Amino acid sequence: TSSQANISATIKNTIEEKGSSITIGAKTYTNVIKVKTEITSANIQIAIPPFGTQNITPTIVQDVHSYFAPKYGLVKRDYKLKMTATILTQTSTLTDVNKTTTLTSSSIQ
């Protein structure tokens, strides 16, 4: 047997800060824009034979921030996201990510 899932969510980006500086390694970026990303209204519809279609609302714990610098674009992203859901009677972790990505080199022409 196989199952199929449809996932829907609302993603909201909010500018939290403008004009700040951030240092990554030896490079300092100025006039940085900090953006917070929030995932809300997530819903999963999954077909589980022989139980039929189940509607599941996951529990979301998140802390996602992106930092953009002029001429460079995205220079850093802090990404913490954990989603759990109870499917039938079992609680499962759908995703659990905790990482930071940074721009390591660039060549501005």
Side-chain angles (χ1 to χ4, degrees):
T1 57
S2 65
S3 62
Q4 179 179 345
N6 293 316
I7 301 171
S8 62
T10 300
I11 298 174
K12 177 182 171 185
N13 291 305
T14 305
I15 295 175
E16 284 194 321
E17 196 174 305
K18 289 182 181 180
S20 62
S21 297
I22 188 170
T23 301
I24 301 170
K27 174 76 175 156
T28 299
Y29 300 94
T30 59
N31 202 22
V32 171
I33 298 172
K34 180 181 177 183
V35 176
K36 179 179 182 177
T37 301
E38 295 176 280
I39 301 170
T40 59
S41 304
N43 183 50
I44 302 168
Q45 189 177 64
I46 187 168
I48 308 172
F51 301 102
T53 301
Q54 305 289 313
N55 287 312
I56 300 157
T57 302
T59 301
I60 304 171
V61 177
Q62 61 191 321
D63 188 17
V64 181
H65 291 94
S66 303
Y67 302 81
F68 297 90
K71 297 183 184 178
Y72 295 92
L74 180 66
V75 294
K76 181 179 179 185
R77 176 171 288 144
D78 294 320
Y79 190 87
K80 297 176 187 172
L81 178 64
K82 184 174 184 177
M83 243 191 238
T84 57
T86 301
I87 303 170
L88 298 177
T89 59
Q90 182 176 345
T91 300
S92 300
T93 299
L94 306 175
T95 189
D96 190 359
V97 180
N98 183 355
K99 68 180 181 176
T100 295
T101 57
T102 57
L103 179 65
T104 56
S105 67
S106 62
S107 176
I108 304 298
Q109 301 296 321

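This structure is a prediction, so every number in the text was calculated from the model and none was measured.
Contact record, I56 with T86: CG2-O, 3.8 Å, taken as the closest heavy-atom pair. The two atoms that bring P58 and A42 nearest to each other are CD-O, 3.5 Å, heavy atoms only. K80 approaches N98 most closely through the heavy-atom pair CG-OD1, 3.3 Å.
Applying the ring-ring contact (aromatic ring centres under 6.0 Å, His included) rule to Y29 yields the partners Y72; only residues at least two apart in sequence or on another chain are considered. Qualifying side chain to side chain donor-acceptor pair (under 3.5 Å) partners for E16, counting only residues two or more places apart in sequence or in other chains: H65. Partners of S106 under the side chain to side chain donor-acceptor pair (under 3.5 Å) rule, at least two apart in sequence or in another chain, do not exist in this structure.
I46 and L88 fall within a single hydrophobic cluster, where Ile, Leu, Val, Met, Phe, Trp and Tyr side chains are chained together by heavy-atom contacts under 4.5 Å. If you chain together hydrophobic residues whose side chains sit under 4.5 Å apart, I33 and I11 never meet in one group. Both Y79 and L94 are assigned to one and the same hydrophobic cluster, defined by single-linkage of ILVMFWY side chains at heavy-atom distances under 4.5 Å.
Heavy atoms from other residues, nucleotides or ligands lying under 6.0 Å from NZ of K82 number 12 at most. Other residues, nucleotides and ligands contribute more than 12 heavy atoms inside 6.0 Å of the NZ atom of K27.
Side-chain polar atoms of T30 and S21 form no donor-acceptor pair below 3.5 angstrom.
The closest side-chain heavy-atom distance from L74 to L103 is not below 4.5 Å. Between N43 and N55, the closest side-chain pair of non-hydrogen atoms falls below 4.5 Å. Contact of the Q54 side chain with the I87 side chain is not registered, since no non-hydrogen atoms from C-beta on lie closer than 4.5 Å.
The line from CE of M83 to CG of D96 is 11.5 Å long, rounded to the nearest 0.5 Å. Taken to the nearest 0.5 Å, the NZ atom of K34 stands 9.0 Å off from the NZ atom of K76. Rounded to the nearest 0.5 angstrom, E38 CD and N13 CG are separated by 9.0 Å.
For the side-chain contact (heavy atoms from CB on, under 4.5 Å) with V64, the qualifying choice from I39, T37, V35 is T37, the only one to do so.
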